[in-house]
Amino acid sequence: MSEQIHQDEHWMRYALELAGKAEQAGEVPVGAVVVADNTVIGEGWNTPISDHDPSAHAELKAIRMAAGNRANYRVIDATLYVTLEPCPMCAGALVHSRISRVVFGAFDEKTGAAGSVMQLCQHEALNHQLDVTGGVMAEQCATMISDFFKRRRAEKKAAKKQA
């Protein structure tokens, strides 16, 4: 196994741990971590429901922390690892922050903006393009999300039946 693959899987496991924090809070389990020089400079997990904030996606929280730690709105020479392919909002933030690379787990066939539905991370008209690696530990990432939604549907069905 190449060193890059080993490193990508290491950080994706970390992002999965962060996704678990979102799940514990009743949020869609997505986690993200920004890494530079093999060190965490930002991390986050989904909290849009609890924060009453549609922009509280894991990626944005991780980018905000990384930018704060760098004291710069540009987060160059860093990689963002996220358990789900970024949406258009998050892909736009990745471009604007000048993150060098994004590595994601599960593909998002409904809102993915790093190749599935559209490609913002490498769009030739934009002033910055990122390297994109998708599908790292895809099965584990997708299973976490699909199990969450299965549980949520079962809970809603049980509550409806009880009422």
Side-chain angles (χ1 to χ4, degrees), residues 1-19 22-23 27-38 40-49 51 53-70 72-149:
M1 180 183 318
S2 82
E3 180 59 30
Q4 187 63 65
I5 292 170
H6 177 73
Q7 192 172 46
D8 287 351
E9 289 180 354
H10 168 79
W11 291 114
M12 190 59 69
R13 280 190 289 281
Y14 187 84
L16 279 163
E17 289 176 26
L18 296 171
E23 186 170 29
E27 302 273 0
V28 176
V30 177
V33 58
V34 178
V35 177
D37 297 322
N38 212 30
V40 174
I41 61 170
E43 62 182 42
W45 53 90
N46 273 5
T47 61
I49 297 166
D51 287 352
D53 179 357
S55 73
H57 287 199
E59 299 96 318
L60 293 183
K61 294 179 79 173
I63 292 167
R64 285 180 190 127
M65 181 185 282
N69 284 333
R70 289 250 176 112
N72 193 332
Y73 72 111
R74 301 293 193 213
V75 188
I76 60 170
D77 298 324
T79 299
L80 180 128
Y81 294 88
V82 62
T83 56
L84 181 65
E85 180 180 357
C87 72
M89 174 180 66
C90 294
L94 289 164
V95 169
H96 285 293
S97 69
R98 303 296 193 270
I99 293 267
S100 303
R101 180 171 180 244
V102 62
V103 178
F104 66 86
F107 288 86
D108 186 344
E109 301 297 331
K110 293 181 180 176
T111 64
S116 289
V117 176
M118 63 189 78
Q119 179 52 276
L120 291 179
C121 294
Q122 296 178 324
H123 196 285
E124 62 191 33
L126 299 177
N127 61 351
H128 176 71
Q129 291 81 35
L130 296 80
D131 290 330
V132 175
T133 303
V136 174
M137 298 179 64
E139 188 175 326
Q140 295 94 317
C141 294
T143 298
M144 183 178 224
I145 293 169
S146 62
D147 286 353
F148 170 81
F149 283 113

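Quick caveat, the model's predicted, so the values are computed rather than measured. Position 1 is the first residue of the sequence, and the numbers go up from there.
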With Asp147 via side-chain hydrogen bond (donor to acceptor under 3.5 Å, both in side chains) - residues at least two apart: none

Validation row: Val35, Tyr14 side chains within 4.5 angstrom (heavy atoms): no

Least distance between heavy atoms, Ala22 atom then Pro29 atom: CB-CA, 4.0 Å

Cys121 backbone acceptor or donor facing Gln119 side chain under 3.5 Å: yes

Which residues share a side-chain hydrogen bond (donor to acceptor under 3.5 Å, both in side chains) with Asp51, sequence neighbours left out: Thr47

side-chain hydrogen bond (donor to acceptor under 3.5 Å, both in side chains) partners for Glu85, two or more places apart: Ser116

Qualifying residues under salt bridge (charged side-chain N to carboxylate O under 4.0 Å, His left out), relative to Glu43, sequence neighbours excluded: none

Heavy-atom pair of closest approach, residues Ala56 and Lys61: O-CD, 4.0 Å

Derivation of the side chain to side chain contact (heavy atoms under 4.5 Å, CB included) call for Val75 and Ile41: CA-CA 10 Å; Val75 188; Ile41 61 170; 3.9 Å; yes

Residue pair Val136 / Glu9, side-chain heavy-atom distance below 4.5 Å: yes

Exercise: identify the closest heavy-atom pair between Ala91 and Pro86: N-CB, 4.1 Å

Expected output: side-chain Gln129 to main-chain His123 donor-acceptor under 3.5 Å: yes

All pairs passing side-chain hydrogen bond (donor to acceptor under 3.5 Å, both in side chains) where residues 134-145 contributes a residue, at least two apart: none

Between CD on residue Glu59 and CZ on residue Arg64, distance to nearest 0.5 Å: 11.0 Å

Heavy-atom pair of closest approach, residues Pro48 and Pro54: CB-CA, 4.3 Å

More than 12 heavy atoms of other groups within 6.0 Å of His96 NE2: no

All pairs passing salt bridge (charged side-chain N to carboxylate O under 4.0 Å, His left out) where residues 109-129 contributes a residue, at least two apart: none

Shortest non-hydrogen contact between Met89 and Ser55, atoms and distance: CE-CA, 3.8 Å

Between CG on residue Leu16 and CD on residue Glu23, distance to nearest 0.5 Å: 10.5 Å

Results of side chain to side chain contact (heavy atoms under 4.5 Å, CB included) for Tyr73 - residues two or more places apart only: none

Ile99 CD1 to Leu130 CG distance, which is reported to the nearest 0.5 Å: 7.5 Å

Flag, side chain of Asn46 to backbone of Glu27, donor-acceptor distance under 3.5 Å: no

Residues in side chain to side chain contact (heavy atoms under 4.5 Å, CB included) contact with Val117, at least two apart in sequence or another chain: none

With sequence neighbours excluded, residues passing side chain to side chain contact (heavy atoms under 4.5 Å, CB included) with Arg101: Gln4, Asp8, Thr79, Tyr81, Val103, Asp131, Thr133

Enclosure of Ile76 CD1 (heavy-atom neighbours >12, cutoff 6.0 Å): no

Heavy-atom closest pair, residues Gly105 and Cys141: CA-SG, 3.8 Å

Ser100: partners by side-chain hydrogen bond (donor to acceptor under 3.5 Å, both in side chains), with sequence neighbours left out: none

Sidechain-backbone polar pair: His128 side chain, Ser97 backbone, donor-acceptor under 3.5 Å: no

Those residues that, when tested against Phe107, pass ring pair (Phe, Tyr, Trp, His ring centres under 6.0 Å) (two or more places apart): Phe104

For Asn127, side chain to side chain contact (heavy atoms under 4.5 Å, CB included) partners two or more places apart: Val95, Arg98

Heavy-atom donor-acceptor pair, Thr83 side chain to Gly31 backbone, under 3.5 Å: yes

